[in-house]
Structure formats: structure tokens, C-alpha cells
Colleague: 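Got a structure for you, written out below as C-alpha cells; questions coming shortly.
Heavy-atom basis, side chains included; hydrogens, waters and symmetry copies ignored. Lettering follows sequence order; numbering is per chain, from 1.
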There are 2 protein chains.
Amino acid sequence: MNQNFDTISQKERILMAAYDYISCEGYANASLREIASNAGVVLSQLNYYFKNKEGLLIEVIQIMIDKYLLEVEERLKQGINARERVSNFIKYFQETLNENPKLFRLLYDFSSMALWSDVFGKQLSNLFEKLSILVEEYIFIDTLENSFLKNQSSNAIARILFGTMFGTAIQVLLDSKEKRLPESLSAIETLF
Amino acid sequence: MNQNFDTISQKERILMAAYDYISCEGYANASLREIASNAGVVLSQLNYYFKNKEGLLIEVIQIMIDKYLLEVEERLKQGINARERVSNFIKYFQETLNENPKLFRLLYDFSSMALWSDVFGKQLSNLFEKLSILVEEYIFIDTLENSFLKNQSSNAIARILFGTMFGTAIQVLLDSKEKRLPESLSAIETLF
DNA sequence: TCCTCAATAGGACGAACGTCCGAATTAAAA
DNA sequence: TTTTAATTCGGACGTTCGTCCTATTGAGGA
């Protein structure tokens with residue numbers, strides 16, 4: 001009835017295996033059988049815990065989103081002024097792209113699915129919204145008076161800044177010759 | 001033997017139907033039967049002309065890429081100086097996002113597939129490369145002396161500029177409340 | 001007119017998948 | 001110890017899909 005340690009570890013093993021497999025092979029190429037096998041669990045357990053494939057993905061993505069937001073906020077907190085926080089924000093993406101590209105791959109894969117599914121779409125908009133609000137609060141509120149961008153909505157600027165990270169990162173993932181591209185992102189800091 | 005008008009129209013009908021269906025429903029949700037049906041063609045014709053589903057997608061994407069590059073270059077040609085060309089470049093994305101969002105959806109869908117497939121990956125890197133070279137040639141060559149970005153590779157800047165469009169656009173597609181976000185992109189013009 | 005080959009058509013095939021069900025097992029509650 | 005419910009397990013089901021095969025049609029060249 002209550003979730004003992006084995007149960008928790010069982011469900012979490014499935015989630016971790018799903019995360020690993022999907023972020024390595026893509027959701028479309030990930031079968032429940034393969035995920036179950038990697039988790040050391042029988043196929044029907046996936047339906048028992050998550051009802052169906054969509055339900056499993058929703059939980060996997062939610063974990064990614066929560067982790068993502070937490071890490072970003074932690075970085076934003078550091079830095080004593082807006083410019084330093086922008087710098088930290090950009091550094092976070094540079095480092096993640098380098099050390100944990102699986103996170104980005106999962107995000108891109110999920111983004112394309114979000115275009116065709118209401119459920120996934122709302123989940124991803126929610127991430128984008130929270131992310132932009134974070135950036136807005138920690139960086140762009142009342143700090144744009146002396147900037148080129150003073151006439152723009154601070155939330156719009158936050159979204160565009162994140163969009164720049166997002167759109168640049170996929171070019172790096174797709175082309176190994178562009179490994180040095182993330183460094184150039186630092187040039188953006190000087191704009192604020 | 002030779003391609004008469006009926007043949008051309010047959011193959012092109014398939015391509016157009018595939019483009020429409022994939023950009024509306026997504027590649028993963030598009031079955032060859034449905035595409036054939038929409039094209040007014042029998043299923044086996046798709047294998048006859050394109051060998052398999054991957055072959056069909058490759059041709060559809062190549063058409064999109066060629067059209068894309070042509071339109072971008074046409075826009076870049078207009079404008080008498082670098083700043084005007086940046087402005088035109090951004091305007092192109094604003095208009096396309098508004099008038100032809102199917103193009104963006106197809107691009108995002110294809111991007112996620114490119115992450116898991118070598119063939120698609122090379123096709124998309126090629127688009128990104130040509131796009132960045134276009135922007136570089138028309139805008140950033142020898143025009144960065146007076147800019148904040150003078151120490152950066154002009155190709156890197158071109159890629160980041162496009163990345164900004166790319167990453168901003170998906171936020172608009174996913175959230176209908178962000179319809180006014182593209183306007184804010186114009187603020188970027190002032191940075192160069 | 002006959003021949004040749006590209007084009008069209010319909011259907012069958014097997015594989016892979018998500019889902020579902022009923023039985024067996026476990027462990028906590030009574 | 002008995003009971004109850006949650007968990008684990010193995011397997012089957014039906015569907016959908018991409019692919020392939022063969023026959024038929026139609027038009028241009030010899």
C-alpha cells in the first residue's frame with residue numbers, strides 16, 4: 001500500500017532508464033520494451049506506474065523541467081549585479097551544452113512533439129514562461145534604463161535571450177565543427 | 001521513359017501533399033497511406049518515386065531548404081547598408097512566422113529528427129551553414145569595426161543571430177499569448 | 001503492328017508497437 | 001494466522017505501419 005524503498009526504487013529506475021534512453025535515442029525511437037529492459041523491469045510495470053507511454057514521458061519531462069529551473073535559478077542568484085547575472089546565465093548554457101548535451105537533446109526532441117500535442121505544448125510553454133520570468137526577475141527588472149533595450153518589455157527581452165541560447169545550441173549539437181560557437185555567446189553579455 | 005507532364009504532376013502532387021501533411025501533423029504522425037490518399041495516388045507510388053519514407057522526407061526537406069535560402073537571400077539583397085539588411089533579415093522571420101508558420105513547424109520537426117539521424121543531421125547542418133554564410137556575406141563582412149561584436153568571428157555572429165530568430169520563434173508557436181514577441185526582435189537591429 | 005519499358009494499381013506480408021488481462025507473489029493489516 | 005490490497009510477472013491481442021511483389025496499363029519507338 002504505502003511506498004516502501006523497493007517501490008520507490010522501482011519507479012525511479014523506470015524514470016531514469018526512460019530519461020537515459022529517450023535522451024540518447026529520441027522518443028520516437030524509444031520503445032517501452034527497451035526502456036523496461038534497461039530498467040530491469042517487466043514491460044507491464046510501465047503501464048502499472050504510468051498508465052501509458054504519454055504518461056511516462058510527461059513525468060520524465062517534468063523532472064527535467066524542475067531540475068532545469070532549479071539549476072538556472074541557482075546560477076542567477078549568484079552574481080552581485082545584473083551584468084554578472086547575465087554572464088552566469090550564459091555560462092550555465094555553455095557548460096550544460098558541453099557537459100550535459102543530453103539535456104538539450106531531450107529538450108529539442110520534446111519541443112518538436114510539443115508542436116503537435118496540446119498536453120506537451122502546455123508543459124513546454126510553462127517551462128518557457130517560468131524561465132523567462134526567472135530571467136526577468138533576476139536580471140531585467142529596472143536594469144534596462146541605460147541599455148539599448150530600454151523600450152522593450154523586459155519579459156520579451158528575457159525570452160529573446162533564452163531563445164538565443166536555444167537556437168545557438170542546436171547548431172552546436174548538429175555540427176561538431178561548431179564546438180567553439182558557444183564561446184561567442186559571451187559577446188552578448190556586453191550588450192546589456 | 002521521359003517525364004511527361006502527367007508524371008511531373010504526379011510526383012509533385014506527392015511532394016506537395018507530403019509537405020502539407022507533415023507540416024500540419026508532424027512527420028511521426030504522417031503515414032504514407034495518408035499522404036498518398038491526400039495526393040490522390042496509390043500507396044505503392046510513393047515507394048516507386050522515393051524508395052522509402054526517408055527518401056520522401058529528404059526531398060521534401062530539400063525543397064523547403066532551397067526555397068528558404070532563396071527567400072532569405074532575396075531579402076538580404078535589398079537594403080543599401082548592413083543595418084538595413086539586418087533589419088530586412090529580421091523582418092523576413094517576423095513575416096514568415098506570421099504568414100507561414102507551417103514552414104517553421106516543419107523546420108522544428110525536422111530539427112529534432114536531425115538529432116538522431118546522420119542523413120538528416122547533415123542536411124540540416126548544411127542549411128545552417130549556408131544560412132550563416134549568407135548572413136555573413138551580406139551583413140557582417142567588414143562591418144563590425146564599430147560594433148560591440150568586433151572581436152568575434154563574423155560567422156559565429158551570423159549563427160547567433162539566426163539562432164535568436166530560431167529560438168524565439170518556437171516560443172511564439174507554442175504560446176498564442178506571445179504573438180507580440182516577434183516585434184521585440186526588431187530591437188536587435190539597434191545592436192549592430 | 002509489335003515491342004519495350006516506364007508508370008500505375010491493388011494487395012499481401014511480416015515486424016514492431018502500445019495496451020490490456022489474469023494469475024502469482026508479497027507484505028502489511030486485522 | 002487469516003485477510004486484504006498492492007505489486008510483480010508473463011504473455012497475448014489487435015492495430016498500424018513501411019515495405020515488397022506481381023499484374024496491368026499506356027505510350028513511344030522500331
Colleague: Look at atom NZ of K130(B) and say whether more than 12 heavy atoms of other residues, nucleotides or ligands are closer to it than 6.0 Å.
Modeller: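 Result for NZ/K130(B): open.
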
Colleague: Is there a side-chain polar atom (N or O) of Q10(B) under 4.0 Å from OP1 or OP2 of dT8(C)?
Modeller: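 For dT8(C), OP1 or OP2 has a side-chain N or O of Q10(B) closer than 4.0 Å.
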
Colleague: Return the orientation label for the F166(A) and F128(A) ring planes: parallel under 30°, perpendicular over 60°, tilted otherwise.
Modeller: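 Because their plane-to-plane angle is over 60°, the rings of F166(A) and F128(A) count as perpendicular.
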
Colleague: Can you see which heavy atom on W116(B) is nearest to which on I22(A), and at what distance?
Modeller: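 For W116(B) versus I22(A), the nearest heavy atoms are CH2-O, 3.8 Å.
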
Colleague: Check each residue of residues 17-38 of chain A for a non-hydrogen atom within less than 4.0 Å of any atom in DNA chain C, then write out the ones that pass by number, or none.
Modeller: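 Residues of residues 17-38 of chain A under 4.0 Å from DNA chain C: A30(A), S31(A), L32(A), R33(A).
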
Colleague: Show your working on salt bridge (charged side-chain N to carboxylate O under 4.0 Å, His left out) between K77(B) and E74(B) and close with a plain yes or no.
Modeller: CA-CA 5 Å; K77(B) 278 180 179 165; E74(B) 202 161 309; over 6 Å; no

Colleague: Could you check which of dC21(D), dT7(D), dG11(D) has an atom nearest any side-chain atom of S44(B)?
Modeller: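 For S44(B), the side-chain atoms sit closest to dC21(D).
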
Colleague: Please check if any side-chain donor atom of D175(A) sits under 3.5 Å from a side-chain acceptor atom of Q171(A), or the reverse.
Modeller: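 Absent: no donor and acceptor within the cut-off.
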
Colleague: In whole angstroms, how far is the P atom of dG10(C) from the OH atom of Y48(B)?
Modeller: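 Result: 17 Å.
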
Colleague: Just checking L46(A): base, sugar-phosphate only, or nothing, at a heavy-atom cut-off of under 4.0 Å?
Modeller: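 Answer is nothing: L46(A) stays at 4.0 Å or more from every strand.
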
Colleague: Give me the residues of residues 51-59 of chain A where at least one heavy atom lies under 4.0 Å from an atom of DNA chain C, by number, or none.
Modeller: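 When residues 51-59 of chain A is checked for heavy atoms under 4.0 Å from DNA chain C, the hits, listed by number, are N52(A), K53(A).
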
Colleague: Taking K91(A) first and then E84(A), would you say they form a salt bridge - that is, a charged N and a carboxylate O separated by under 4.0 Å?
Modeller: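 Here K91(A) does not pair with E84(A) in a salt bridge, since their nearest N and O are not under 4.0 Å apart.
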
Colleague: Decide, yes or no, whether a salt bridge links E95(A) with R75(A) under the criterion of side-chain N to carboxylate O below 4.0 Å.
Modeller: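 R75(A) and E95(A): salt-bridged.
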
Colleague: Can you tell me the distance, in whole Å, between the CZ atom of F50(A) and the C1' atom of dC20(C)?
Modeller: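 For the pair F50(A) CZ and dC20(C) C1', the rounded distance is 18 Å.
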
Colleague: Determine the minimum heavy-atom distance between R159(B) and S132(B), stating which atoms define it.
Modeller: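 Taking every non-hydrogen atom into account, CG-CB, 3.5 Å.
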
Colleague: Taking only side-chain nitrogens and oxygens of Y49(B), does any of them come within less than 4.0 Å of OP1 or OP2 of dT8(C)?
Modeller: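 So the side-chain polar atoms of Y49(B) do come within 4.0 Å of the phosphate oxygens OP1 or OP2 of dT8(C), strictly under.
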
Colleague: Around atom CG of N81(B), are there more than 12 heavy atoms from other residues, nucleotides or ligands closer than 6.0 Å?
Modeller: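 Counting neighbours around CG of N81(B), more than 12 heavy atoms of other residues, nucleotides or ligands fall under 6.0 Å, so yes.
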
Colleague: May I have the distance from Q45(B) (atom CD) to dA6(C) (atom P), rounded to whole angstrom?
Modeller: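 Rounding to the nearest Å, CD of Q45(B) and P of dA6(C) are 14 Å apart.
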
Colleague: Considering only side-chain heavy atoms of V42(A), which listed nucleotide, dG10(C), dG10(D), dT8(D), is closest?
Modeller: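 The listed nucleotide nearest to V42(A)'s side chain is dG10(D).
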
